[in-house]
Each structure stands twice: as structure tokens, then as C-alpha cells.
Amino acid sequence: MGVLNVTPDSFSDGGRYLDPDRAIARGLEMVDEGADVVDVGGESSRPGAEPVPEDEELRRVVGVVEVLAPHVRVSVDTVKLRVAEAAVAAGATLVNDISATLWPLAAEAGVGWVAMHMQGTPATMQRDPRYDDVVAEVHAFLLDRARAAADGGVEEVWVDPGIGFGKTAAHNLALLRHLPELAAGGFPVLVGTSRKGFLGMLAPGRDGRPAPVEGRLPGSIATATWAMLAGAAMVRVHDVAAAVQAATLVGPARLRGRAIGGAA
Ligand code: HH2
């Protein structure tokens, strides 16, 4: 899943694709690079982000979805019902929902739905995230929402632990370590670690400072690779070409088919 942020303020690519023509060009480039899904978002959910007015989000997202949808599967990254509805009408077939609330729309429209876990809201979520048992709480929340959606008629339900959404670096690592249990829960797992802050904190540069956003490609690919090996069926990434190369080497289909470098 390639990330396409049609926003002025996303944490890693804010402003680059706010212009619709540039967004469309980047979307098509991601298709060329091998993305199976392009995830179009018009509202940043970075820590501290404030909500975007609905009309503005609609203006950013709908036209881009309409042009990309004939070329690739499009998901819409939104928490707003009206934006999700308009994006689906424009051709999106997956609702990527960091609020984990929009499944009734997915059921009604006959599209897929991603339930992501978040503690709090983007405006405040990184202030002091706390859990008694992060893995148990996140998994229980996701499976509960996923079952409700499946019972409510959503045929394609994904679960996503929400790396960086109300979580410390230790919480993120625990969730990554325990991905196999989430994957065993019966719903396909999506994971997004791409360029996130904890990668910079855990692997600082030689000067001892957290790696800046543009220095987080190795960590992004390392954790996406880990996620795929641990059972994730999809990874959400900015650097599509690099992630596709990793997926080609270690993705589930290849591992199921034969051992790398040897016979079956
Ligand atoms: N992460 C971001 C946004 N949407 N959706 C899912 N399902 N999983 C994620 O981990 C996830 C997500 C944050 O990344 P990005 O879109 O690059 O930044 P911003 O929110 O600043 O636009």
C-alpha cells in the first residue's frame, strides 16, 4: 500500500502532493513501482495535527481518487463519513479508518475496511500513552471491532495495530514483536511503520540524534520486512519501490512456495 498524502502538513511528505496534478503523478508512479493499493489521504494524523474541515478534505481527495481508481485499487485514509462516502463513489474500494468506526459504510457500500487502533486523538495521542498490557489491549480492541464489522456484513476486514498512534517506541516494538498472534486472529493484518519517529529514536545517527525523516528508509524497510515475515498481508509505505523489492524477496507467497536460494 503506497501512501499518497494530499496535505500541506503530513509529517514526512507534507506539501509535496497537495497539488492534485502532482498527487496523481505520484500515484501513477507508485503503480509503476508495484503498489497494489494507493492510499489517498487529505488530513494528516501526525502527532499534534488538528482536524481539517470536511469541505477542504473532500476537495483534496475526491478528484485524485477519481483519476487513480481506473489504474489501481484505491483506499481512502479518512475518519469522516462524508469523505469516505464521496471517495467510494469516486472509485475507492477500501476505507482506511484510523478511528475504527466507519464499518457500517463499508458494509452498505460493499467495500473493504481497515480497523486501526489509536489511543486518543492525533492532537494529543503522543503526550503520555499508557497501557497495562499494550499487546493484549490492542489485539482485543481490533478483534472486537473486526468481528462486529464482519457480523455487520463487511466482507473484507483488515486490522492494523496503529504504530505510533498513542504509543511509545517500546509499545510499537511490543506490537511488532507480537504481530504473529494478531495475524492468527483470523483477519488480514496491515502495518504502517514507514518513516515514523520511533525508527529515528531507536536508530540514531552517528551524532547520537534521532535519524531525521529522510534518514529513515533503512528502518522503514527493515520493519516492513519484519512485519511481512511475521504475517502482515500488507504494509503501508512511502517508499514503494524499495518495499516492493523487499516484498518480492520475503513476502508470504514466496516463502510459502519455496525456500530462498534452494529447492522446496
Ligand atoms: N499511519 C499514518 C496514516 N494512516 N493508516 C493505517 N492504516 N496505518 C498507519 O500506520 C497509518 C495510517 C501516518 O502516516 P502518514 O500518512 O505518512 O502521515 P500523516 O498522518 O502525517 O499524513
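Index from 1, following the sequence. Atoms within a ligand are numbered from 1 in the order they appear, just like the ligands themselves. Computed over heavy atoms, backbone and side chain alike; hydrogens, waters and symmetry mates excluded.
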Can you check which of [options] brings a heavy atom nearest to [atom]?
{"atom": "atom 5 (N) of ligand 1", "options": "D13, T7, N96, V159", "value": "N96"}
{"atom": "atom 6 (C) of ligand 1", "options": "L94, V235, D160, V6", "value": "D160"}
{"atom": "atom 1 (N) of ligand 1", "options": "K196, M1, R195", "value": "K196"}

In ligand 1, which numbered atoms sit nearer than 4.0 Å to a non-hydrogen atom of [X]?
{"X": "H238", "result": "17 (O)"}
{"X": "N5", "result": "15 (P), 16 (O), 17 (O), 18 (O), 22 (O)"}
{"X": "G192", "result": "10 (O)"}
{"X": "L190", "result": "7 (N)"}

(message) Using 30° and 60° as the class boundaries, would you call the ring planes of H117 and Y131 parallel, tilted or perpendicular?
(response) tilted

(request) For ligand 1, indicate whether the residue T193 contacts it via side chain, backbone, both or neither (heavy-atom separation under 4.0 Å). (result) neither

(request) Quick one: look at R46 and ligand 1, take heavy-atom pairs under 4.0 Å, and tell me if it's side chain, backbone, both or neither. (result) both

(message) With the threshold set at under 4.0 angstrom, would you say W158 reaches ligand 1 through any of its heavy atoms?
(response) no

(request) Could you tell me which non-hydrogen atom of S44 sits nearest to which non-hydrogen atom of S10, and how far apart they are? (result) OG-CA, 3.8 Å

[X] vs [Y] side-chain heavy atoms within contact, under 4.5 Å:
{"X": "F165", "Y": "K167", "value": "yes"}
{"X": "L4", "Y": "D39", "value": "no"}
{"X": "I163", "Y": "N172", "value": "yes"}

Whether [Y] and [X] form a salt bridge (side-chain N of Lys/Arg under 4.0 Å from carboxylate O of Asp/Glu) is what I want to check.
{"X": "R26", "Y": "E33", "answer": "yes"}
{"X": "R195", "Y": "D13", "answer": "no"}
{"X": "K80", "Y": "E54", "answer": "no"}

Give the residue, atom name and distance (to 0.1 Å) of the protein heavy atom nearest [atom].
{"atom": "atom 21 (O) of ligand 1", "result": "S44 OG, 2.7 Å"}
{"atom": "atom 16 (O) of ligand 1", "result": "R236 NH2, 2.8 Å"}
{"atom": "atom 4 (N) of ligand 1", "result": "D77 OD2, 2.9 Å"}
{"atom": "atom 22 (O) of ligand 1", "result": "S10 OG, 2.5 Å"}

(request) Begin from the C-alpha positions of E57 and T78 and carry the test side chain to side chain donor-acceptor pair (under 3.5 Å) through to its verdict. (result) CA-CA 9 Å; E57 194 178 332; T78 189; 2.6 Å; yes

(message) Using a 3.5 Å distance criterion without hydrogens, assess whether the side chain of R73 forms a donor-acceptor pair with backbone atoms of V37.
(response) no

Has ligand 1 got any nitrogen or oxygen that is less than 3.5 angstrom from a nitrogen or oxygen of [X]?
{"X": "E43", "result": "no"}
{"X": "D9", "result": "no"}
{"X": "V3", "result": "no"}

(message) If you count every heavy atom of other residues, nucleotides or ligands that lies below 6.0 Å from Q245 atom CD, does the total exceed 12?
(response) no

